[in-house]
Amino acid sequence: MQKIDRLGWADGIAFRSYGLRLGVRVTDAAAMVHVIDRLPPGWKPSASPIVDFLYSIVVGGQTQGSKVQRFNLAYYDAGQLARTKDFELALKSFESHMHLLVADNARRRTFVHAGVVGWKNQAVLIPGLSFSGKT
């Protein structure tokens, strides 16, 4: 984690979601708009910078005057989630991991991946993995 902490962080946000304290930091302040678009539904900004879970996004791309294209990197704590030249793919990896983390650690909620069918004025819940035929 020490190596990641030494990178130049341009912006960040601390927020709460379903009882969890999370943070996201980025190396390019312009990327923060894209990060905020991917936060869990119902998130609320936190006044405290103290978080239980930290994500870090290193924005790559081509620097002016150079032919070298840097990778976009997404981290959860010190573990790498994505290393790609496609910024959108790095954001998708971050979003997917964060949503699963929130669902797994929510204190007063249970998240179920499911389809629902109405039958005789009642709902039938059909839990299952993605692409398992719930629809």
Side-chain angles (χ1 to χ4, degrees):
M1 193 73 174
Q2 291 174 348
K3 287 183 181 181
I4 296 173
D5 288 340
R6 286 184 271 177
L7 294 175
W9 300 107
D11 201 359
I13 185 170
F15 64 97
R16 296 186 70 86
S17 181
Y18 297 98
L20 304 179
R21 299 178 303 179
L22 297 103
V24 184
R25 58 189 178 179
V26 294
T27 57
D28 182 348
M32 208 61 203
V33 173
H34 303 289
V35 166
I36 289 173
D37 286 344
R38 287 166 172 78
L39 297 183
W43 69 273
K44 301 251 188 286
S46 175
S48 172
I50 298 171
V51 297
D52 300 313
F53 306 99
L54 179 63
Y55 288 91
S56 306
I57 299 176
V58 178
V59 179
Q62 202 163 352
T63 54
Q64 226 171 359
S66 172
K67 291 183 181 181
V68 176
Q69 187 174 10
R70 296 176 299 143
F71 284 99
N72 297 285
L73 305 166
Y75 291 93
Y76 166 65
D77 287 336
Q80 191 177 90
L81 299 174
R83 180 180 183 261
T84 176
K85 292 184 180 177
D86 183 349
F87 181 61
E88 191 63 31
L89 185 57
L91 287 174
K92 284 181 183 179
S93 297
F94 150 71
E95 179 181 16
S96 177
H97 190 277
M98 179 188 49
H99 284 232
L100 186 58
L101 179 87
V102 169
D104 280 348
N105 292 283
R107 296 187 178 123
R108 289 195 245 162
R109 299 277 193 267
T110 299
F111 291 81
V112 178
H113 190 84
V116 178
V117 177
W119 186 63
K120 292 185 179 182
N121 257 0
Q122 295 193 5
V124 177
L125 182 73
I126 305 168
L129 299 173
S130 294
F131 309 108
S132 64
K134 300 176 302 296
T135 307

Polar side-chain atom of Asp86 near backbone of Glu88 as donor-acceptor pair, under 3.5 Å: yes
Quick check: does any side chain N or O of Thr27 sit under 3.5 Å from a backbone N or O of Val59, one acting as donor and the other as acceptor? yes
To the nearest 0.5 angstrom, please state how far the [atom1] atom of [X] sits from the [atom2] atom of [Y].
X: Asp28; Y: Asn72; atom1: CG; atom2: CG; value: 10.0 Å
X: Ile50; Y: Arg21; atom1: CD1; atom2: CZ; value: 6.5 Å
X: Leu91; Y: Asp37; atom1: CG; atom2: CG; value: 9.5 Å
X: Leu89; Y: Thr84; atom1: CG; atom2: OG1; value: 4.5 Å

With the 4.5 Å side-chain cut-off for hydrophobic clustering, are Leu22 and Ile36 part of the same group? yes
Give the minimum heavy-atom separation between [X] and [Y], together with the two atoms involved.
X: Phe15; Y: Pro40; answer: CE1-CD, 3.9 Å
X: Met32; Y: Gly12; answer: CE-C, 3.7 Å
X: Met98; Y: Arg38; answer: CE-O, 3.1 Å
X: Ala14; Y: Pro49; answer: CB-CA, 4.4 Å
X: Ala90; Y: Ala82; answer: CA-CB, 4.0 Å

What residues form a side chain to side chain contact (heavy atoms under 4.5 Å, CB included) with Phe71, not counting sequence neighbours? Leu73, Arg83, Lys85
Using the side chain to side chain contact (heavy atoms under 4.5 Å, CB included) criterion, which residues pair with Ser96? Sequence neighbours excluded. none
With the side chain counted from C-beta on, respond yes when Leu20 and Asp52 share a heavy-atom pair under 4.5 Å apart, and no when they do not. no
Partner of Phe94 under ring-ring contact (aromatic ring centres under 6.0 Å, His included), chosen from Tyr76, Tyr75, Tyr55: Tyr55
